[in-house]
Amino acid sequence: MDKDVRIKELEKENHILKREYRRLQQDLSMLSNLNDYASRLRKFNEEKVVAANNAKSNFLANMSHEIRTPMNAIIGMDEIILRETTDNSIRKHALDIRSAGKTLLSIINDILDLSKIESGKMEIIPVKYDSSSVFTDIVNMTMKRANDKGLVYEMNVDGDIPATLYGDEIRVRQIMLNIINNAIKYTEEGKVSVDASYDMDREKLIIRVSDSGIGIREEDQQKLFDSFSRLEETRNRNIEGTGLGLNITKQLVDMMDGEIGVSSRYGSGTVFTVSIVQKCIDPSPIGDFGRSIEKAAVENESKRSKLYAPDARILIVDDNEMNHEVITGLISDTRIQVTNAMSGPECLEYLRESSFDMIFLDQMMPGMSGTSTLKVVKDEKLAENVPVIALTADAIVGARDMYLREGFTDYLSKPIMYEELEAILFKYLPEDKIDTDEHLGQDADALPVVLVISDSSATLSQVRSFLGKGCKGVFVRNDEQAGRYLKEHTVDYVIRDGRSMT
């Protein structure tokens, strides 16, 4: 081949290769741009998801607070009415309010739980717990409801269940309550039985709940665990509920590496069986559960009638005046000396002037939150060795652990139930300030009641010290608070700004 011809062919091939190279460079540049765009888009979507989840979490926390705050007033004030009234008609109405309030609270809890699950904010928080205490609480929370319907109620707990288990105690209770209450709800006559056992090889707690209720049609059983699903609406229209309980139960069981199954004969009853992983910490058997129930009942009854602590002083910090009235009213029989603060700064002012045996500190307050207030308290050492109990309406999963990390001693959720409030007081008040002689509680009714009105923390503190324990002091900041108290109570003396008026 002619040399010149060959050179021209090579030059042509070289030109083609250069053109192909430039095209490949353009493609690579475009691919790099696409990868960069995809990366930025992925990051944007991730941030969008995080922002959406945070917004949903904040919304849930705020809604929980906004709903539970008035519920605290409704249930708390109703409890005070039940304690004070001697009129049977009023008592019946108050009991109806209690029942309706607890039903509404249950529905609110279900909706909030479902929302938390859907947003991925529901967590399983494992702790070591006493298995016997869980079963005891379940009996106390479900037996009365079954008995009120005229049902036979049986709780059969295998004595070989380990004494101490490791798992999410709160969610175990919730699962059991949902299934048992569901059985009671759909059983009009006959029996509800609960059988609890433990599979040591698989480390699984097994709960079996059977009833003689209306049963479930075979074609409906697959719908049981759907959200907002209620079967046979026409037939069951008089039965309360949202249809969320079993859906939440199923999702909780799944999160705990468990299984839930159902068998039913239409018109003859239903059996639910749940098995959930709960690790064994102490294999010692819990023994005779029936005897444990009797012992716990005697201890609780003894403790319930003896809380009397006129020398104890507590500080309640909450921006909602109704919450102050609820707590003060619930513990009025204990004669505990109560001081009320409406904000974080006011709390700090009181602590700089005097000392207390316990502080109840609301978490969600405008301006200065409970956590911020607690930080100042600790930094300035205003309440060393004094239990600080977080008051919260957030109903957050794992709330206790979160508040402990923040520095709180414990927490109390709203609506405040007297039994829980009393348990906190027994647990954290100094033992030498709790008098357990019953006659002292009766003699306390004879103590004169003094209403002290002043907008000065210093004046209130001075009058409190002057009064001592020879009378019951009620301390308020203004005439409006005094008026509300006087509508429901009588007093022997009134002191305004340090001067006696009656």
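Just so you know, residue 1 is the first one in the sequence shown, and it goes up from there. Just so it is clear, the structure is predicted and the values come from calculations on it, not from any experiment.
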Margin query: For a side-chain contact (heavy atoms from CB on, under 4.5 Å) check, start with the C-alpha distance between M417 and I75, then their side-chain angles and the critical distance, and finish with the verdict.
Written below: CA-CA 8 Å; M417 303 299 177; I75 293 177; 4.0 Å; yes
Checklist line | Candidate pair D282 and K128, rule salt bridge (charged side-chain N to carboxylate O under 4.0 Å, His left out), full reasoning | finding: CA-CA 10 Å; D282 178 3; K128 289 192 295 184; over 6 Å; no
Note to self: Under the criterion side-chain contact (heavy atoms from CB on, under 4.5 Å), I'd like the reasoning laid out for L351 against L315: C-alpha separation, chi angles, the key distance, then a yes or no.
What the structure shows: CA-CA 9 Å; L351 291 176; L315 174 64; 4.0 Å; yes
Next item on the list: Would you sort out whether Y129 and T164 count as a side-chain hydrogen bond (donor to acceptor under 3.5 Å, both in side chains), showing the intermediate values?
Entry: CA-CA 6 Å; Y129 67 91; T164 306; over 6 Å; no
Item checked: Test side-chain hydrogen bond (donor to acceptor under 3.5 Å, both in side chains) applied to Y153 and T142, step by step -> CA-CA 9 Å; Y153 182 97; T142 57; 2.6 Å; yes
Margin query: Is there a side-chain contact (heavy atoms from CB on, under 4.5 Å) between T136 and S132? Walk through the geometry before answering.
Written below: CA-CA 6 Å; T136 300; S132 182; 4.2 Å; yes
Note to self: Assess the residue pair L252 and I276 against the criterion (side-chain contact (heavy atoms from CB on, under 4.5 Å)); give the C-alpha distance rounded to whole Å, side-chain angles, the decisive distance to 0.1 Å, and a yes or no.
What the structure shows: CA-CA 10 Å; L252 289 175; I276 46 180; over 6 Å; no
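The shortest side-chain heavy-atom distance between V338 and I316 falls under the 4.5 Å cut-off. Taking the side chain as every heavy atom from C-beta outward, M77 and E325 approach each other to under 4.5 Å. No side-chain heavy atom of D168 sits under 4.5 Å from any side-chain heavy atom of V127. Counting only heavy atoms from C-beta outward, the side chains of V172 and M256 approach each other to under 4.5 Å. Here the side chains of V262 and V271 are not in contact, with every heavy-atom distance at 4.5 Å or above. Inter-residue side-chain proximity for Y308 and T334 is flagged as unmet; no heavy-atom pair is nearer than 4.5 Å. Counting only heavy atoms from C-beta outward, the side chains of I175 and V253 approach each other to under 4.5 Å. Using a 4.5 Å heavy-atom threshold, the side chains of L151 and T187 count as touching.
For the atom pair L374 CG and F408 CZ, the distance stands at 5.0 Å (nearest 0.5 Å). Note: I80 CD1 to L330 CG = 5.0 Å, rounded to the nearest 0.5 Å. Taking CE of M71 as the reference point, atom CD1 of I416 lies at 13.0 Å (rounded to 0.5 Å). Interatomic distance, OG of S268 versus CD1 of I216, reported as 12.0 Å (0.5 Å rounding). Taking OG of S133 as the start and CD of E169 as the end, the distance is 5.5 Å to the nearest 0.5 Å. In this structure, the separation between CD1 on I336 and CG on D357 is 9.0 Å, given to the nearest 0.5 Å.
Checked by atom type, the side-chain pair Y428/T409 shows no donor-acceptor distance below 3.5 Å. Residues Q278 and Y198 have side chains that never bring a donor and an acceptor to within less than 3.5 angstrom of each other. D362 and N323 share no donor-acceptor pair across their side chains, judged by distance under 3.5 Å alone. Between Q363 and T371, the side chains place a donor N or O and an acceptor N or O closer than 3.5 Å (distance only, hydrogens not considered). A donor-acceptor pair shorter than 3.5 Å can be found between the side chains of N340 and H324. If you check the side chains of S369 and S372, you find a donor sitting under 3.5 Å from an acceptor.
In this structure, F360 has no ring-ring contact (aromatic ring centres under 6.0 Å, His included) partners at least two apart in sequence or on a different chain.
Between D87 and R91, no side-chain nitrogen of the basic residue sits less than 4.0 Å from a carboxylate oxygen of the acidic one, so the salt-bridge criterion is not met. The pair D148-R145 does not meet the salt-bridge criterion, since no charged nitrogen lies less than 4.0 angstrom from a carboxylate oxygen. Under 4.0 Å is where a charged nitrogen must lie from a carboxylate oxygen, and between D318 and K414 at least one such pair does. Taking a cutoff of 4.0 Å between a charged side-chain nitrogen and a carboxylate oxygen, E259 and K204 qualify as a salt bridge. Look at D137 and R173 and you find a salt bridge, because one of the NZ, NE, NH1 or NH2 atoms lies within 4.0 Å of a carboxylate O, short of that distance.
Tested against K250, the residues N178, V274, I260 include a single side chain to side chain contact (heavy atoms under 4.5 Å, CB included) partner, I260.
The number of heavy-atom neighbours closer than 6.0 Å to CZ of R208, taken from other residues, nucleotides and ligands shown, is 12 or below. The number of heavy atoms from other shown groups lying within 6.0 Å of NZ (K375) does not exceed 12. Residue M322 places its CE atom among 12 or fewer non-hydrogen atoms of other residues, nucleotides or ligands, all under 6.0 Å distant.
Taking each heavy atom of V209 and A183 in turn, the nearest pair found is CG1-CB, 3.8 Å. Listed here is the closest heavy atom pair of I207 and A196: CD1-CB, 3.8 Å. The two residues V317 and L391 have their closest heavy-atom pair at O-CD1, 4.4 Å. Nearest approach of D158 to S197, heavy atoms of both residues: CB-CA, 4.1 Å. Shortest non-hydrogen contact noted between I286 and P162 is CG2-O, 3.7 Å. Looking at every heavy atom in both residues, D130 comes nearest to A163 through OD1-O, 3.4 Å.
Within the 3.5 Å criterion, the main-chain N or O of S413 finds no donor-acceptor partner in the side chain of T392. Using a distance-only test at 3.5 Å, with no hydrogens or angles considered, no donor-acceptor pair links the side chain of T270 to the main chain of S263. In this structure, the side chain of K149 engages the main chain of I184 through a donor-acceptor pair within 3.5 Å. Under a 3.5 Å cut-off, the side chain of S212 and the backbone N or O of K191 do form a donor-acceptor pair.
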